[in-house]
Amino acid sequence: MISPDSEKILTPQSDIFSIKLLQWFDMFGRKDLPWQKNPSAYSVWVSEIMLQQTQVNTVIPYYDRFMKTFPDLEALAQASENKVLHHWSGLGYYARASNLHKTAKIILSHYQGVFPETQEGLESLPGIGRSTAGAICAIAYKKSASILDGNVKRVLARHESIDGWTGHSKTLKLLWKAAENYTPTERIADYTQAIMDLGATLCTRSKPKCHKCPISDSCKSFIAGNPENYPKKKPTKKIPSKSVYFLIMINLDGKLLMQKRPINQLWGGLWTFPECDNIAEVSNSCDEFGQSAKTWSILPSSRHSFSHYHLDYSPVMIKSVAQNIELNRKDILWYDPNKPHEIGMPKPVTDLLVEIKKRY
DNA sequence: AATACGGGGAA
DNA sequence: TTCCCAGTATT
């Protein structure tokens, strides 16, 4: 017969959860990530935005470069949109960068350069939702606040055996409720880091290391022997394909014509080659830019995949006889591969520029 | 409530 | 291949 431990009996289960997690974090948690050094609202914000839908190892080099160039909120607010997007090129979800810049300007001009201190104040800013606001409150302000990102969703869905795809609002509500239930009032910054770390290192999507997990004894799915059944997969849906031609117009100076994309669309604010759907339109399309396409050659197509469709793009190399004419359009520039502008460009374009530089 | 939005990495 | 990820904004 084991004598009852009065302290444990009086400790609510929600507190046991965070205590175990914190003990584990002290032993095995990550404490040397670049954004963990001197956390300020600014650095937590930048890192959290970058980490949205993007994994740690991908973010690290971007974060280092970004903070070196924009060390504080004022530097970011005063930078050009092109430069901000330039430092985001390759990370994806470029609306994140546009919103980051927008929010920096709002805080500088309307908040005297000081971040809002409440969850609601933070959530009112472009690009900051419930989870990111919670992360800033918890990590930068040490206020008791909850987060719910991909890792936390997985940990909680398994621990509570919460069914359903996390994209369903019903499932999401249950997950938020669980997140709030376990959020402690003490050591909130470490706890927030701990539950994310657990999801990233032990409670992984496949082959979770439950034998090392500090909360496996209370984990419903572990007890049931089916942790990998949670969270439920997203309903599968076939994604369509789209084919386009990238018109790569090269003028007599060896510069390339590039066009800025509308800010609120795919690749918004980034610079790409003009596109056309049919090869028959190449000549007409070039005319629109004041270029007379004499000859062109079509390069083999490549595929770039988004979450919602595949893009098959065929580069069309066009030698233009036109000079470096003034186009008088704000959405057009001549790009010199040897003196590159600091502008944002999506992956297929940066890939093509590398190829072009090699071959021409 | 459903969809749009990038790119990388794991299996 | 297919799935998923340190989500938010828009429709």
Side-chain angles (χ1 to χ4, degrees), chain A residues 30 33-36 39 43-63 85 88-100 102-103 122-136 138-139 146-155 157 164-173 175-176 179 192-201 203-208 228 230-240 261-270 272 303-311 344-351:
Chain A
R30 293 178 293 188
L33 295 170
W35 45 88
Q36 292 178 319
S43 67
V44 172
W45 173 54
V46 171
S47 65
E48 288 298 324
I49 300 297
M50 283 191 174
L51 287 161
Q52 289 171 4
Q53 312 296 76
T54 310
Q55 293 179 355
V56 168
N57 286 333
T58 305
V59 165
I60 289 173
Y62 281 88
Y63 177 83
L85 287 169
W88 209 271
S89 292
L91 254 190
Y93 284 120
Y94 298 95
R96 292 185 295 173
S98 296
N99 284 332
L100 201 73
K102 215 184 289 176
T103 287
L122 290 164
E123 278 182 50
S124 74
L125 295 164
I128 301 183
R130 186 173 174 184
S131 189
T132 301
I136 295 171
I139 299 171
S146 305
I147 61 160
L148 190 63
D149 55 40
N151 281 324
V152 178
K153 282 175 188 165
R154 194 169 52 253
V155 169
W165 173 49
T166 57
H168 286 142
S169 61
K170 205 172 95 186
T171 310
L172 213 49
K173 264 183 198 163
L175 288 168
W176 270 113
T192 303
Q193 193 61 51
I195 192 164
M196 288 191 284
D197 264 17
L198 188 81
T201 62
C203 197
T204 47
R205 174 157 64 102
S206 56
K207 299 179 186 169
E228 289 194 72
Y230 303 89
K232 208 158 178 190
K233 289 177 187 173
K234 177 181 173 176
T236 54
K237 195 172 61 171
K238 239 191 200 160
I239 63 173
R261 303 177 70 95
I263 194 66
N264 48 3
Q265 295 177 24
L266 179 79
W267 289 340
L270 302 195
T272 59
R303 167 165 285 196
H304 181 78
S305 291
F306 302 103
S307 47
H308 48 312
Y309 68 90
H310 300 295
L311 179 69
M345 293 179 296
K347 182 69 162 46
V349 173
T350 54
D351 285 352

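Below, each value reflects all heavy atoms present in this structure, side chains not excepted, and no hydrogens, waters or symmetry copies. Letters go in sequence order (proteins before strands), and every chain restarts at 1.
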Close N/O contacts between protein and nucleotides 9-11 of chain C (under 3.5 Å):
unit_1 : atom_1 : unit_2   : atom_2 : d
C/dA9  : OP1    : A/Gly127 : N      : 2.4

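- Look at A/Gln52 and you won't find any side-chain N or O under 4.0 angstrom from OP1 or OP2 of C/dA6.
- At least one side-chain heavy atom of A/Gln53 sits less than 4.5 Å from a side-chain heavy atom of A/Tyr93.
- Look at A/Tyr63 and you won't find any side-chain N or O under 4.0 angstrom from OP1 or OP2 of C/dA6.
- Using P as the reference atom, B/dA4 and C/dA6 are 23 Å apart when rounded to the nearest Å.
- Judged as a side chain to side chain contact (heavy atoms under 4.5 Å, CB included), and not counting sequence neighbours, the contacts of A/Pro262 are A/Asn264, A/Gln265.
- Residue A/Trp88 contributes atom CH2, which lies 18 Å from atom P of B/dC5 at whole-angstrom precision.
- Rounding to whole angstrom units, CE of residue A/Met50 and P of C/dG7 are separated by 14 Å.
- Residue A/Arg154 places at least one side-chain N or O closer than 4.0 Å to OP1 or OP2 of C/dC5.
- For A/His308, a side-chain nitrogen or oxygen approaches OP1 or OP2 of B/dC5 to under 4.0 Å.
- The CD atom of A/Gln53 sits 9 Å away from the C1' atom of C/dA6 (whole-angstrom rounding).
- Where A/Lys170 and A/Leu266 each meet DNA chain B at their nearest nucleotide, the meeting point lying more 5' is that of A/Lys170.
- Within the 4.0 angstrom heavy-atom criterion, only backbone atoms of the sugar-phosphate kind lie near A/Gly90; the bases stay farther away.
- Put simply, the side chain of A/Leu148 does not reach to within 4.5 Å of the side chain of A/Arg130, judged on heavy atoms.
- Residue contacts for A/Ser307: at a heavy-atom cut-off of 4.0 Å it reaches a base atom on one of the strands shown.
- Listed in residue order, the members of residues 232-240 of chain A having a heavy atom less than 4.0 Å from DNA chain C are A/Lys233, A/Lys234, A/Thr236.
- In this structure, A/Trp35 and A/Tyr63 have perpendicular ring planes: the angle between them is above 60°, well past the 30° mark.
- Residue contacts shown for A/Thr54 include a base, since a base heavy atom lies under 4.0 Å away.
- Using cut-offs of 30° and 60° for the angle between ring planes, the A/Tyr309 and A/Phe306 rings count as tilted.
- Toward the 5' end of DNA chain B, the nearer of the two residues A/Arg205 and A/Gln265, judged by each one's closest nucleotide, is A/Gln265.
- Within the 4.0 angstrom heavy-atom criterion, no nucleotide atom of any strand lies near A/Thr204.
- Regarding A/Tyr93, its OH atom lies at a distance of 15 Å from the P atom of B/dT3, rounded to whole Å.
- To the nearest 0.5 angstrom, A/Leu172 atom CG is 10.0 Å from A/Trp165 atom CH2.
- A/Val56 comes within 4.0 angstrom of a base, heavy atoms only.
- Here A/Trp45 does not reach the OP1 or OP2 of C/dG7: none of its side-chain N or O atoms lies under 4.0 Å away.
- A/Ile136 places its CD1 atom 13 Å from the C1' atom of C/dG7, with the value rounded to the nearest Å.
- Straight-line distance between the P atoms of B/dG6 and C/dT10: roughly 14 Å, to the nearest whole Å.
- Of the listed nucleotides (C/dA6, B/dG8, C/dG7), C/dA6 has the atom at the smallest distance from the side chain of A/Met196.
- Separating the NE2 atom of A/His310 from the C1' atom of B/dG6 is a distance of 13 Å, rounded to the nearest angstrom.
- Between A/Thr132 and C/dT8, a side-chain N or O to OP1/OP2 separation shorter than 4.0 Å is present.
- Evaluation of atom-type donor-acceptor distances gives no pair under 3.5 Å for the side chain of A/Arg96 against the base of B/dA4.
- Atom CZ of A/Phe306 is separated from atom C1' of B/dT3 by 16 Å (rounded to the nearest Å).
- Residue contacts for A/Arg303: at a heavy-atom cut-off of 4.0 Å it reaches the sugar-phosphate backbone alone, with no base atom in range.
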